[in-house]
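Everything quoted here is computed from the prediction, not taken from an experiment.
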Amino acid sequence: MSKKIQNQKENNKMDKIVSLCKRRGFIFPGSEIYGGLANSYDYGPLGVELFNNIKKLWWRRFVQIRGDVVGVEGPIIMNPKVWEASGHLSHFTDPLVECKLCHLRLRQDKPDDIAAHERAHQGKKAEWTEAKNFNLLFKTFIGTVEDDKAAAYLRGETAQTMFTDFKLVIEALRKKVPFGIAQIGRNFRNEITTGNFIFRMKEFTIAELEYFVKPGEDDAKFEEWLASQQEFFIKDLEIKPANIKKVELPKDELAHYSKRTVDTYFNFPFGWDEIAGIANRTDYDLKNHLEHSKENLRYRDPETNEEYIPYVVEPTFGLDRIMLAVLADAYEEVEARSGADETKHEQEIVLRLNKKLAPFKIAVLPLSKKEPLTKMGQDIAAALREQWMIDYDETQSIGKRYRRQDEIGTPYCVTVDFDSLEDKAVTVRERDTMEQERIAVDKLQDYFKDKFN
RNA sequence: GCGGGUAUCGUAUAAUGGUUAUUAUAUUACCUUGCCAAGGUAGAGAUACGGGUUCGAUUCCCGUUACCCGCUCCA
């Protein structure tokens with residue numbers, strides 16, 4: 001198969017996922033009634049359930065079951081000095097112009113450089129773009145008057161809260177190094193690139209944690225966290241191992257603060273790309289905040305009285321990208337599985353989502369839209385809703401309703417039939433195998449508790 | 001940000017400088033059906049937005065927006 005055809009095929013798959021997401025309420029284009037907004041998307045009713053489930057699994061693995069990691073949730077707007085200290089501001093405060101001939105960027109306030117560059121093009125008149133501040137941080141203003149004195153920025157990363165709260169967490173929670181602080185939150189970057197669906201957005205959610213260790217113990221902890229990160233993808237999200245790979249960044253591509261970085265890539269329909277990373281940030285951030293804030297951010301070991309600035313191992317997860325990865329990984333088209341002589345529908349979509357991730361856990365489907373079947377179905381649905389997200393559907397044929405649930409990844413369907421009225425039992429149908437099992441209504445809660453644990 | 005392409009009901013599509021814009025599917029109601037996308041009847045739903053040319057524009061032209069492909073960017 002030629003590369004071109006391969007690409008077309010893969011783009012088709014991406015188009016189908018995008019279409020499914022819109023059609024069934026996972027992901028909508030943002031502000032659609034006004035013509036949309038570039039790189040902005042809404043998570044619909046099913047999308048937000050899926051997204052929350054990913055967050056829950058993440059928090060469980062990296063905060064709840066550990067004991068050496070605590071969570072925080074910081075504001076999107078922080079004191080602008082934070083971004084001076086972190087280096088986010090200082091790199092990009094100068095207005096730059098770009099040469100249209102060679103794309104070189106120069107500072108507009110250096111006329112000598114500009115003149116020299118124009119000479120370098122040997123009389124060809126260089127054309128310049130308008131001056132721009134190439135700052136990736138979104139700028140806003142505190143107060144009702146737009147005044148530069150009150151300039152502030154929407155955070156470009158969540159990590160900084162963990163550094164500014166470092167001392168407070170130690171004091172409030174009596175934490176000892178090594179320990180970690182985790183946060184899930186929105187980040188904003190004014191990037192110019194158009195993205196693949198939700199892969200690259202200007203506003204996105206990152207789950208990350210800063211794990212503070214004694215210098216010298218950072219390399220070993222890095223390895224531990226790398227393994228833990230992979231377990232999240234394979235064991236919690238149940239992404240197919242073949243679709244995941246680690247990529248060690250070569251030394252010359254490391255960010256200035258990083259001693260070592262390993263990214264995790266997912267095999268998207270549009271190619272392998274990054275969904276998570278882990279960096280050894282050394283003492284770069286705490287040291288900078290110590291210098292800028294004059295706060296003593298050194299850590300004193302209570303046993304040895306030794307004082308040092310901890311090193312930081314930072315696992316980061318792009319949750320929106322991970323959601324897209326989960327959808328792409330679960331998306332499957334299968335030959336019509338029904339026994340009916342169906343020629344129109346050759347392919348059926350099954351979203352083989354992990355049970356823990358599925359937006360709806362169970363769908364309750366009365367076989368017929370007649371009383372008292374519907375009443376019984378609604379009662380069962382109401383009881384199950386105490387525990388799980390439940391869908392209830394009584395329109396169209398039972399087969400069509402199974403298809404609908406397959407398409408959105410619902411792991412179980414409960415069918416109420418006419419026998420149910422007599423024997424007080426229902427049929428439970430499993431998504432992937434299509435196998436059915438007769439379960440007594442009063443045993444249903446226990447049955448599903450067992451299934452979902 | 002640069003270059004190229006695309007834009008018709010939710011989705012996928014047809015057609016056209018001129019009456020009410022096609023079809024499938026999905027969707028809503030009713031009938032029918034009684035465990036894997038059956039059938040019938042009825043309903044609702046689209047020419048992305050703004051300007052221009054024209055007697056008349058969904059169609060031709062310009063701009064904007066969004067999306068796609070390739071660069072660039074991602075400290």
Side-chain angles (χ1 to χ4, degrees), chain A residues 4 7-8 11-12 14-16 18-25 28-41 44 83 86-93 96-105 127 129-130 132 134-137 156-157 187 189-197 199-202 204 253-258 270 273-274 277 318 336-350 365-370 373 395-407 413-420 426-431 433-436 438:
Chain A
K4 193 178 173 187
N7 277 343
Q8 276 174 0
N11 289 338
N12 270 343
M14 201 55 211
D15 289 345
K16 284 175 182 173
V18 172
S19 170
L20 175 72
C21 283
K22 185 176 182 188
R23 196 156 44 81
R24 301 308 308 271
F28 304 128
S31 318
E32 203 198 19
I33 63 170
Y34 290 108
L37 178 68
N39 297 327
S40 114
Y41 293 90
W83 306 110
S86 71
H88 284 75
L89 274 179
S90 58
H91 286 80
F92 288 103
T93 46
L96 301 178
V97 292
E98 183 176 318
C99 171
K100 285 181 178 175
L101 293 174
C102 63
H103 296 297
L104 184 75
R105 281 176 189 159
E127 279 189 67
T129 59
E130 282 181 36
K132 290 191 181 66
F134 280 84
N135 195 332
L136 289 175
L137 292 179
E157 63 173 23
N187 295 271
R189 287 188 201 176
N190 231 336
E191 303 201 57
I192 55 177
T193 311
T194 55
N196 280 300
F197 197 34
F199 183 81
R200 181 168 276 125
M201 298 191 286
K202 293 191 171 180
F204 52 97
E253 286 181 26
L254 292 178
H256 59 287
Y257 54 74
S258 180
F270 49 81
D273 219 327
E274 183 186 348
R337 303 193 291 175
S338 57
D341 59 328
E342 191 49 64
T343 49
K344 282 184 286 187
H345 305 285
E346 291 168 0
Q347 302 230 293
E348 302 167 354
I349 296 171
V350 184
L365 315 170
L367 193 58
S368 166
K369 193 167 47 170
K370 280 180 186 155
L373 276 195
T395 63
Q396 307 275 7
S397 74
I398 187 69
K400 183 172 278 190
R401 283 178 274 161
Y402 285 148
R403 294 288 87 70
R404 287 177 187 152
Q405 296 302 328
D406 287 347
E407 212 175 39
C413 292
V414 167
T415 306
V416 182
D417 60 25
F418 291 90
D419 292 340
S420 302
V426 291
T427 305
V428 176
R429 179 255 195 192
E430 205 270 334
R431 177 193 68 205
T433 61
M434 300 198 300
E435 277 170 11
Q436 305 193 341
R438 196 75 179 169

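- Nucleic acid contact class of Y34(A) (heavy atoms, under 4.0 Å, all strands): none.
- Spacing of C1' atoms, rU53(B) relative to rU59(B), comes out at 13 Å, to the nearest Å.
- The shortest distance between side-chain heavy atoms of C21(A) and Y41(A) does not fall below 4.5 Å.
- Taking atom P in both rA48(B) and rU6(B), one finds a spacing of 14 Å when rounded to whole Å.
- If you find the closest nucleotide of RNA chain B to R189(A) and to Y41(A), the one lying nearer the 5' end belongs to Y41(A).
- Summarising the base pairing, rU20(B) is matched to no nucleotide, lacking a Watson-Crick or G-U wobble pair whose two defining distances lie under 3.5 Å.
- What separates CG of D406(A) from P of rA37(B) is a distance of 11 Å, to the nearest Å.
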Next on the checklist: The test is side-chain hydrogen bond (donor to acceptor under 3.5 Å, both in side chains); show your working for Y402(A) and T415(A) and say whether it passes.
Outcome noted: CA-CA 10 Å; Y402(A) 285 148; T415(A) 306; 2.8 Å; yes
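- The nearest whole Å value for the distance from the CD atom in E32(A) to the C1' atom in rA7(B) is 13 Å.
- Residue whose closest nucleotide on RNA chain B sits further toward the 5' end, between L367(A) and L37(A): L367(A).
- Pair check for rU13(B) finds none; no Watson-Crick or G-U wobble contact set falls under 3.5 Å.
- Using a 4.5 Å heavy-atom cutoff, the side chains of F418(A) and S368(A) are in contact.
- Across all strands, S19(A) comes closer than 4.0 Å only to sugar-phosphate atoms, never to a base (heavy-atom distances).
- The shortest side-chain heavy-atom distance between K22(A) and E32(A) falls under the 4.5 Å cut-off.
- Remark: rA57(B) base-pairs with no nucleotide; criterion is Watson-Crick or G-U wobble with both hydrogen-bond distances under 3.5 Å.
- Distance noted for atom P between rG10(B) and rU22(B): 15 Å (whole Å).
- Checked against rC67(B), rG10(B), rA29(B), the side chain of N39(A) finds its nearest nucleotide in rC67(B).
- A gap of 15 Å separates the P atoms of rC60(B) and rA14(B), to the nearest Å.
- Scanning atom types as modelled, one donor and one acceptor separated by under 3.5 angstrom connect the side chain of R200(A) and the base of rC74(B).
- Distance check on atom P: rC2(B) versus rC73(B) gives 15 Å, rounded to whole Å.
- At a threshold of 4.0 angstrom between heavy atoms, the contacts of F28(A) with the nucleic acid are absent.
- K370(A) comes within contact range of at least one nucleobase, with a heavy-atom separation under 4.0 Å.
- Between the C1' atoms of rA12(B) and rU8(B), the separation comes to 12 Å (whole Å).
- Between the P atom of rG39(B) and the NZ atom of K400(A) lies a distance of 8 Å, rounded to the nearest Å.
- At a threshold of 4.5 Å between non-hydrogen side-chain atoms, the residues R404(A) and T395(A) count as touching.
- Within the structure, a side-chain polar atom (N or O) of N196(A) is placed less than 4.0 Å from OP1 or OP2 of rC69(B).
- A donor and an acceptor atom sit less than 3.5 Å apart, one in the side chain of R429(A) and one in the base of rC36(B).
- Atom-to-atom, CD1 of I398(A) to P of rU32(B) comes out at 18 Å; the value is rounded to the nearest Å.
- Nucleotide rC73(B): unpaired (no Watson-Crick or G-U wobble partner with both distances less than 3.5 Å).
- Counting only heavy atoms from C-beta outward, the side chains of R401(A) and P366(A) approach each other to under 4.5 Å.
- Remark: rA42(B) base-pairs with rU28(B). Criterion, Watson-Crick or G-U wobble with two distances under 3.5 Å.
- Distance from the side chain of S368(A) is smallest to rG34(B) among rA66(B), rG34(B), rC35(B).
- As rounded to whole Å, 14 Å separates atom P of rU11(B) from atom CD of E407(A).
- The base of rC35(B) is paired with the side chain of Y402(A) by a donor and an acceptor separated by under 3.5 Å.
- rU20(B) and rA29(B) have their C1' atoms separated by 24 Å, with the value rounded to a whole Å.
- In this structure, R404(A) places its CZ atom 18 Å from P of rU11(B), rounding to the nearest Å.
- Contact of the R438(A) side chain with the D419(A) side chain is registered, since non-hydrogen atoms from C-beta on lie closer than 4.5 Å.
- Rounded to whole Å, atom C1' of rA26(B) lies 10 Å from atom CD of Q396(A).
- Straight-line distance between the P atoms of rA7(B) and rU58(B): roughly 16 Å, to the nearest whole Å.
- Contact annotation: S397(A) side-chain N/O to rA38(B) OP1/OP2 distance is under 4.0 Å.
- Comparing rC36(B), rG10(B), rC35(B) against the side chain of R403(A) picks out rC36(B) as the nearest.
- Nucleotide rU64(B) has rA48(B) as its partner under the Watson-Crick or G-U criteria, with both atom distances under 3.5 Å.
- Ring centroids of F199(A) and F270(A) are separated by less than 6.0 Å, placing the two rings close together.
- To the nearest angstrom, P of rG45(B) lies 18 Å from CD1 of I33(A).
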